[in-house]
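These notes are about the structure you will find just below.
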Amino acid sequence: MFSQPTPRPATAFSRPSTARPPTRMSGVTTQPEDHAVNYVVAVLEGRGVAREVGIAALDKDTGRTVLLQVADCQTYVKTLHHIGLHHPGTLLVLDSALRDRPGGGGNAIGAPSLLVEALQDEFPGVPIEPIPRKYWNETAGRDFVTQLLIEDDERPATLMAVQEKYFALSAASALFKYLEARSNAVYSARSLRIQYIPVEGTMLIDADSARNLELINNLTHKKSTHSLFGLLNHTFTPMAARILRANILAPVTNLSSINQRLDAVQELTDTEDRFTAIKDALRGLKGVDFDKLIAALIVSEARPTTNVKIAEQRVGQMLTLRVAVRALKAVRDAVKGCRSDLLRAIERLISDERIDQLDELIAEALNEDAGAVKSGVHNKNMKVYAVKANYNRLLDVARETYKEDIAEVYALQRRLAEEHDLPIDLQWTENGFYFTVKKDEVPNGRFPKGFVDVSAKGTKWICSSMDLKKWNARVKDALNETMLISDQIIQDVLAEVMEHVAVMWKASEAIALLDMIWAFAHASILHSYVRPEFTSTLAIKGGRHPILEVVQPPGMLVANDVYCSDGTSFQLVQGPNMSGKSTYIRQVALLVIMAMLGSFVPAEYASFRLHDALLTRLSNDDDAERNLSTFATEMATSAMILGLATDKSLILIDELGRGTSPHEGIGVCHALAEEMIRTNAFVFFTTHFNDLSATLGRYPTVCNLHLEVNTTRQTTSTRFNMVFQHKIRDGPMEEQDHYGLELAKLADLPDDLLATSARVAENLANRERERRAKSEGGKVGTRRKLLIRLKDQLTQILEGSDLADAELASYLAELQKKVVQDLGNTLTA
Ligand SMILES: Nc1ncnc2c1ncn2[C@@H]1O[C@H](COP(=O)(O)OP(=O)(O)OP(=O)(O)O)[C@@H](O)[C@H]1O
């Protein structure tokens, strides 16, 4: 259990943090092994019954800050969802929230609040720091935001958006106070990107759904790329990978943004030259984290120093900035002349003339060919020669000394090699030069006198000498001298560079978006995806499970259709074990997410509607690890789903009612299904309870589907075989599809026994059919179904039919004839 907080300390922020050790598999949102965990997140819950929660989160690496405020329910699903998007590395809560509720057994200290408990459960291992109430101050929060927010065209809108978000502002004040006190992080004025995120702009996906659908990580192999993120992540830059991840976990619900992305993807997939030019340009930015770089420059600027390490870092940062700015200009050329709105907007953002000024500014001080090299002596040399010659007399002298000292090192190596007749090599590390000699040149390491620190490393001996150590010390002195002088020059350049910080942030965002769009186009070409449409109907022709498609051998995947509309909003999917029910409904969710990301989808044709939430109960083996009864978990999740569902939600339920007796299971499934039907959400409900199709029969929006299975006898033996077609078919699983009987026919059972079984089964099935046909509810249900489907068909025609007038008239006449005939049949039945 969570350890009780100790009494409040005298000094704020000095109390050790508390973190609950992992007690359950963490959600997809907390996978520190895969993603940097660098957000500090402050969370504050309002006191009223409304459960308003304010969140302020800052990424320590990039300085990106988000504020939001959300009205939540008792499970805090929305709060956890939004915090999870930001990889919390530290959580800050009000100190009293750690002992909010009366403790059990007369415990005077008290138990943590429900919110704190939810945070502990969802983010096990993440330290939770108590922050005294006086630091959660909305006025201070507003002052921080006003002071730190960058000066760009979005600034007024952001200040306006946070104006009355008291909890978010209070959280911001605690966050920045904490960072000042704990991390000594002081940000320059007007240097941070602070965004207010409107919560209604994204689709809610709770952490369990994200994990079970393998949106970010594969459930079985954590390092595998077999997840939606792995499938789409063809990005070059870390910023793009980050926004891709955030978008998958919270797809946007703004149709015009989605269509803009789709237009951009289409332009890239249609124009090969453009696609290739952008790829080549983005490649120049491969691995460059523009966000982190800008944040590091901001912190650097606020920290003038005479420390050699920091000086060297700053010189390195300036070199990386030069590479990034040049690559930006290459990307600008690649997107020049694009047609789609989004690509043109990206072009505008990276064509800001201040980027050219930035390049010129850097070029005034830096050598033309100075660039970034990852490591080794070349990296050092790049930094030593970063600043132009003749820029500073002292620097030229220090560099000359450095050069001479290095020359002495090489001369020493040649002298020793000649003297001892040994093929001695020189290697370099951060600690200076050392010698290496292949092992077979010096058996047993019996070096001639004068060598020191001899040790074995792989196939080589490594060693040094007193002279080498002396020269290493001199090289180091000269190097330090060069770095400190270079840094003084670079600090002046940096001060001017920082005036363009807003344009750099914008450029970084533009590159991230372009990179993500390019990745969508790449995936689309690679796997033959199609552009989705958005209408009121979920209709997919020949849809393929995107992850299974890349895992299975070619030709093995069975494509399936989906049709879900207001008239068929509850889809009951039946089929025996292993027939593909789970895969079918998961595929629907994955394709919906892909389309809402602005990506193309694996299908022949696809139309989607926008959903406000994806709510799921998907079976997995996780419950055992959580020590929860399957039934209890099912009920808890179902309650959450019913609490959140609206007519715009998408709900997936996989095999509910497994954790209880069959009769109870059917009862519970029926009751929950009825509630879900009433929400008018699109529901995909798999079940092995065949009776459900009958018990839910009176609801006109219930649509029955089943997965086809063939049973055959192998020709060479008496054994039978079940062949899973994985193909979705209309209608419920009929009793004559009953696999026991089918399989019995294939086994060598006596003929009269088989005949009796068939007769009894057939009688039972007939009785059931008669009962259903006689039921008035059934007839009414059928008639209502017909009328609702007619409404659907007419809506679709209105939404976008390409038919000419004459064709449309004949189609409508045909439709009318069929509907009248079908209605007549139900009346005479
Ligand atoms: N459309 C498909 N094409 C090819 N293989 C498929 C398809 N659908 C499912 N499969 C394969 O069939 C197997 C069973 O699928 P799935 O788990 O979806 O079945 P299920 O009916 O949900 O089974 P259970 O009831 O036991 O959970 C999986 O290994 C999957 O790879």
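Remember, it's 1-based here, ligands and their atoms both numbered in the order they're listed.
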Closest to atom 14 (C) of ligand 1 among Gln587, Met578, Gln574, Arg586 (heavy-atom distance): Met578

Proximity flag Arg544 to ligand 1, non-hydrogen atoms under 4.0 Å: no

Contact partition for Thr686 relative to ligand 1, non-hydrogen atoms under 4.0 Å: neither

Donor-acceptor pair between Asn680 and Ser569 side chains, under 3.5 angstrom: no

Sub-4.0 Å heavy-atom contact, Gly575 with ligand 1: no

Shortest protein contact, atom 17 (O) of ligand 1 (heavy atom only): Ser582 CB, 3.9 Å

Closest protein heavy atom (residue, atom, distance) for atom 19 (O) of ligand 1: Gly580 N, 3.0 Å

Identified side chain to side chain contact (heavy atoms under 4.5 Å, CB included) counterpart of Val562 within the set Phe684, Phe682, Phe608: Phe684

side-chain hydrogen bond (donor to acceptor under 3.5 Å, both in side chains) between Asp654 and Ser582, intermediate numbers included: CA-CA 6 Å; Asp654 198 7; Ser582 214; 2.5 Å; yes

Pick from Lys581, His726, His688: the one approaching atom 20 (P) of ligand 1 most closely through a non-hydrogen atom: Lys581

Atoms in ligand 1 with a heavy atom of Glu655 nearer than 4.0 Å: 25 (O)

Contact check: Val558 vs ligand 1, nitrogen or oxygen atoms, below 3.5 angstrom: yes

Gln552, Glu549, Lys727: member with heavy atom nearest to atom 4 (C) of ligand 1: Gln552

Lys/Arg-Asp/Glu bridge criterion (N-O < 4.0 Å) met for Arg586, Glu214: no

Numbering as shown, the atoms of ligand 1 that approach Thr583 to under 4.0 Å (heavy-atom distance): 8 (N), 9 (C), 15 (O), 16 (P), 18 (O)

Phe570/Tyr699 under ring pair (Phe, Tyr, Trp, His ring centres under 6.0 Å): CA gap, chis, key distance, verdict: CA-CA 9 Å; Phe570 189 92; Tyr699 288 98; 8.5 Å; no

N or O pair under 3.5 Å between Tyr584 and ligand 1: no

Test item, Pro576 contacting ligand 1 (heavy atom, 4.0 angstrom): yes

Where Glu655 and Glu634 come nearest, the two heavy atoms and their spacing: O-OE2, 3.8 Å

Subset of ligand 1 atoms that lie under 4.0 Å from at least one heavy atom of Leu557: 3 (N), 4 (C)

Pair Ser607, Thr535: side-chain N/O donor-acceptor within cut-off below 3.5 Å: yes

Atom 27 (O) of ligand 1 touched by protein (heavy atom, under 4.0 Å): no

For Val252 against Ile258, the heavy-atom pair lying closest together: O-CD1, 3.5 Å

Pair Asp566 + Arg609: basic N to acidic O under 4.0 Å: yes

Under 3.5 Å side-chain donor-acceptor pair for Glu549 and His545: no

